[in-house]
Amino acid sequence: MKIEPDECSIDDLARRPGQSVPWTGVRNYQARNFMRDAMRPGDGVLYYHSSCAEPGIAGLAEVASAPYPDATQFDPASPYFDAKATPEAPRWVHVDVRFVRKTRLLTLAELRAEPRLATMELLRKGSRLSITPVSAAEWAVVTQLLDR
DNA sequence: GCCAACGTTGGC
DNA sequence: GCCAACGTTGGC
């Protein structure tokens with residue numbers, strides 16, 4: 001899962017140990033669908049800092065809830081307000097995430113240099129999705145690199 | 001700030 | 001359903 005560290009860095013997340021943090025604000029259907037259809041409580045999350053000086057994986061988190069409606073879509077004062085969404089027919093759902101641990105920064109350059117990650121969705125050319133699936137094999141490679 | 005890549009919108 | 005215009009993402 002990508003996040004701009006200005007919004008909620010791994011250090012910000014670490015200040016809320018054991019707490020569920022609602023992953024609000026996703027307004028892309030594919031990313032939503034990954035949360036809605038492919039994530040289950042307990043699933044591992046690679047916590048990726050984007051749009052910053054040193055983009056890369058900065059820690060691990062885990063999925064901490066089933067998918068449920070994003071409250072910000074109903075709030076006219078929110079930048080994520082969606083006039084076409086109603087509580088009866090919510091358009092946007094998300095999961096909660098929970099801090100697991102901070103890691104060293106595994107930079108985007110390092111990730112790109114690893115041939116075993118060549119087909120990872122996050123690294124695909126032109127990939128902009130803020131939430132992408134990680135295969136078990138990719139997870140194993142990444143966690144190995146993180147502990148190096 | 002630039003720009004490639006991609007998603008969304010809306011007229012037709 | 002097509003596709004041009006526009007908006008967003010995100011590395012550099």
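Values below: all heavy atoms of this structure, side chains included; hydrogens, waters and symmetry mates excluded. Here is the naming used below: chain letters follow the sequence lines, and residue numbers restart at 1 for every chain.
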For residues A/Arg27 and A/Thr72, is any side-chain donor paired with an opposing acceptor at under 3.5 Å?
-> yes
A/Asp96 and A/Tyr68: side chain donor to acceptor below 3.5 Å = yes
Spacing between A/Arg128 atom CZ and C/dG10 atom C1', to the nearest angstrom | 9 Å
Starting at CG of A/Leu129 and ending at P of C/dT8, how long is that distance when rounded to a whole Å?
-> 16 Å
Find the distance A/Leu108:CG to C/dG10:C1' and express it as a whole number of Å.
-> 10 Å
So, A/Asp82 and A/Trp92: side-chain donor and acceptor under 3.5 Å apart, yes or no?
-> yes
Any A/Lys2 side-chain nitrogen or oxygen under 4.0 Å from OP1 or OP2 of C/dG10 | yes
Tell me which of A/Asn28 and A/Lys84 sits closer to the 5' end of DNA chain B, going by the nucleotide each one is nearest to.
-> A/Asn28
Nearest-Å distance for atom pair CD/C1', residues A/Glu110 and C/dG11 | 16 Å
Looking at residues at least two apart in the chain, or sitting in another chain, which of them share a side chain to side chain donor-acceptor pair (under 3.5 Å) with A/Gln30?
-> none
Side-chain H-bond candidate by donor/acceptor type, A/Ser9 with A/Asp11, under 3.5 Å = no
Could you tell me which non-hydrogen atom of A/Ile10 sits nearest to which non-hydrogen atom of A/Leu60, and how far apart they are?
-> CD1-N, 4.3 Å
Answer with base, sugar-phosphate or nothing: what part of the nucleic acid does A/Glu4 contact at a heavy-atom distance below 4.0 Å?
-> nothing
Rounded distance in Å - CD1 (A/Ile131) to P (C/dT8) = 19 Å
Sorted by number, residues from residues 46-59 of chain A placing a heavy atom under 4.0 Å from DNA chain C are A/Tyr48, A/Ser50, A/Ser51, A/Pro55
For residues A/Ser20 and A/Ala64, report the shortest heavy-atom separation together with the two atoms involved.
-> OG-CB, 3.7 Å
Calculate the interatomic distance between A/Arg27 atom CZ and C/dG7 atom C1'; express it in whole Å.
-> 16 Å
Interatomic distance, A/Leu123 CG vs B/dA5 C1' [rounded to whole Å] | 16 Å
What integer distance in Å separates A/Gln30:CD from C/dT8:C1'?
-> 14 Å
Between A/Lys125 and B/dA4, does any side-chain N or O lie under 4.0 Å from OP1 or OP2?
-> no
